[in-house]
2 protein chains.
Amino acid sequence: MKLSTKGRYGVILMIDLGMFHGEGPVSLKSVAERQSLSEHYLEQLIAPLRNAGLVRSIRGAYGGYVLAKNPQEITVGDIIRVLEGPITIVDDPEEELKELWERVRKSINDVLDSVTLQDLVEKKKFGGENIMFYI
Amino acid sequence: MKLSTKGRYGVILMIDLGMFHGEGPVSLKSVAERQSLSEHYLEQLIAPLRNAGLVRSIRGAYGGYVLAKNPQEITVGDIIRVLEGPITIVDDPEEELKELWERVRKSINDVLDSVTLQDLVEKKKFGGENIMFYI
DNA sequence: TAAAAAGCAGAGTAATTTTCTCGGAAATGA
DNA sequence: TCATTTCCGAGAAAATTACTCTGCTTTTTA
């Protein structure tokens with residue numbers, strides 16, 4: 001049971017955009033270089049993020065992508081759900097198990113929604129100086 | 001992001017064994033018939049469950065499987081972890097994300113470990129008369 | 001106008017995982 | 001002895017994942 005790289009890379013991509021939030025558009029090419037990822041693959045990840053309204057694109061030379069909201073308004077859950085689809089633990093559940101899977105789903109979402117992009121950007125910038133994980 | 005059928009079928013299999021707990025060995029053939037699953041596939045699920053000490057096998061005619069512990073001592077988490085492997089959200093995590101994945105992992109395990117086989121067997125037997133989900 | 005970059009679509013593919021099947025060997029009870 | 005059942009390993013089939021490549025259009029800045 002594990003998250004696919006799609007969700008992981010998507011979060012990494014969004015953190016990268018978050019690092020430059022307020023400094024104008026960031027090209028996928030530059031993200032690809034910084035994060036050692038394929039630009040083409042990033043295209044496939046950013047498309048759904050754009051459709052979901054998490055990023056905005058600016059076309060043309062010196063264009064790129066910017067976060068569509070402030071980093072503190074975007075949770076990791078928002079990103080993961082867009083890229084991994086809804087956290088459906090199981091499709092056709094047995095009656096006795098339905099509520100259990102539902103509780104699992106909810107608890108995952110609660111954790112993922114408890115961390116914002118802002119939290120992760122700060123963590124990356126200041127390296128473990130924040131308190132969010134000491135709760 | 002979803003659980004594979006392996007974990008699901010494994011839980012269903014264990015519930016079935018739980019239904020007959022104390023009444024002697026249950027053959028995979030009978031489980032396969034009751035649950036409309038392939039006997040051969042169940043074989044593959046039960047092997048790790050046996051290795052993990054959750055069930056005991058009795059070979060030969062009129063043999064089968066029995067729970068190795070009381071149903072209230074076996075949690076859904078025990079079963080899922082055996083069949084799905086550890087709940088590793090991600091293999092090679094970014095430093096900033098490590099603790100987040102760890103929190104997700106822990107919260108999933110907490111939920112899965114909060115329900116025992118006994119709970120599910122009772123739920124199946126008495127159809128939603130128990131209180132475990134009304135917390 | 002030329003270069004940079006997104007946008008879009010589709011094809012393909014390699015690897016991995018999941019799901020499931022098959023064919024026996026060994027053990028056991030009646 | 002024989003039917004039943006576990007035990008074991010191999011592997012096939014299907015689905016999913018994780019990309020890669022191609023190629024073209026549109027938008028925008030310098």
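The model shown is predicted, which means the values in this text are computed figures rather than measured ones. In what follows, every chain begins at residue 1, and chains take the letters A, B, ... in the order their sequences are listed. Just so you know, these numbers use all the heavy atoms, side chains as well, and skip hydrogens, waters and symmetry mates.
Environment of CZ in B/Arg56: sparse, with no more than 12 heavy atoms of neighbouring residues, nucleotides or ligands closer than 6.0 Å.
Judged by atom type and distance alone, A/Arg59 reaches the base of D/dT26 through a side-chain donor-acceptor pair under 3.5 Å.
Using a 4.0 Å heavy-atom distance criterion, B/Arg50 is classed as a sugar-phosphate-only contact.
Side-chain polar atoms of B/Thr75 and B/Asp78 form a donor-acceptor pair below 3.5 angstrom. In summary, the side chains of B/Ser107 and B/Arg103 do not present any donor paired with an acceptor at a separation below 3.5 Å, with no hydrogens or angles considered.
Regarding contacts with the backbone of C/dT18, every side-chain N or O of B/Tyr9 stays at 4.0 angstrom or more from both OP1 and OP2.
Applying the side-chain contact (heavy atoms from CB on, under 4.5 Å) test between B/Leu54 and each of B/Val82, B/Leu67, B/Leu117 identifies B/Val82 as the sole match.
Rounded to a whole Å, the CD1 atom of B/Ile46 is 17 Å from the P atom of C/dC20. Here D/dT6 presents its P atom at 14 Å from CZ of B/Arg56, a figure rounded to the nearest Å. Atom CD1 in A/Ile58 sits roughly 13 Å away from atom P in C/dA5 (whole-Å rounding). Rounding to whole angstrom units, CG of residue B/Leu49 and P of D/dT6 are separated by 14 Å. Per the geometry, NZ belonging to B/Lys29 stands 16 Å off C1' belonging to C/dT28, to the nearest Å. When the P atom of D/dA14 is taken as reference, atom NZ of B/Lys6 falls 19 Å away, rounded to whole Å. Atom pair B/Leu42:CG and D/dT5:C1' shows a separation of 14 Å (rounding to whole Å applied). Between A/Leu45 atom CG and C/dC8 atom P the separation is 16 Å, expressed in whole Å.
Contact between A/Gln35 and A/Ile12 at its shortest, heavy atoms only, is OE1-CG2, 3.4 Å.
For A/Leu28, whose side chain is taken as the heavy atoms from C-beta onward, the closest listed nucleotide among D/dT5, D/dC7, C/dA6 is C/dA6.
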Interface polar pairs with nucleotides 1-4 of chain D, N/O, under 3.5 angstrom:
residue	atom	partner	partner atom	Å
D/dT4	O2	B/Ala61	N	3.1

Every protein N/O lying under 3.5 Å from an N/O of nucleotides 21-24 of chain C:
residue	atom	partner	partner atom	Å
C/dT21	OP2	B/Ser38	OG	3.2
C/dT21	O4	B/Gln44	NE2	2.2
C/dC22	N4	B/His40	ND1	3.1

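Atoms CG and CE, on B/Leu45 and B/Met14 in that order, are 11.0 Å from each other to the nearest 0.5 Å. A distance of 8.5 Å separates CG of B/Leu49 from CG of B/Leu17, quoted to the nearest 0.5 Å. Within the model, atoms CD1 of B/Ile15 and CD1 of B/Ile74 stand 11.5 Å from one another, a figure rounded to the nearest 0.5 Å.
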Are B/Asp119 and B/Lys123 close enough, and set up right, to give a salt bridge (Lys or Arg N to Asp or Glu O under 4.0 Å), and what steps lead you there? CA-CA 6 Å; B/Asp119 296 327; B/Lys123 193 162 195 192; over 6 Å; no
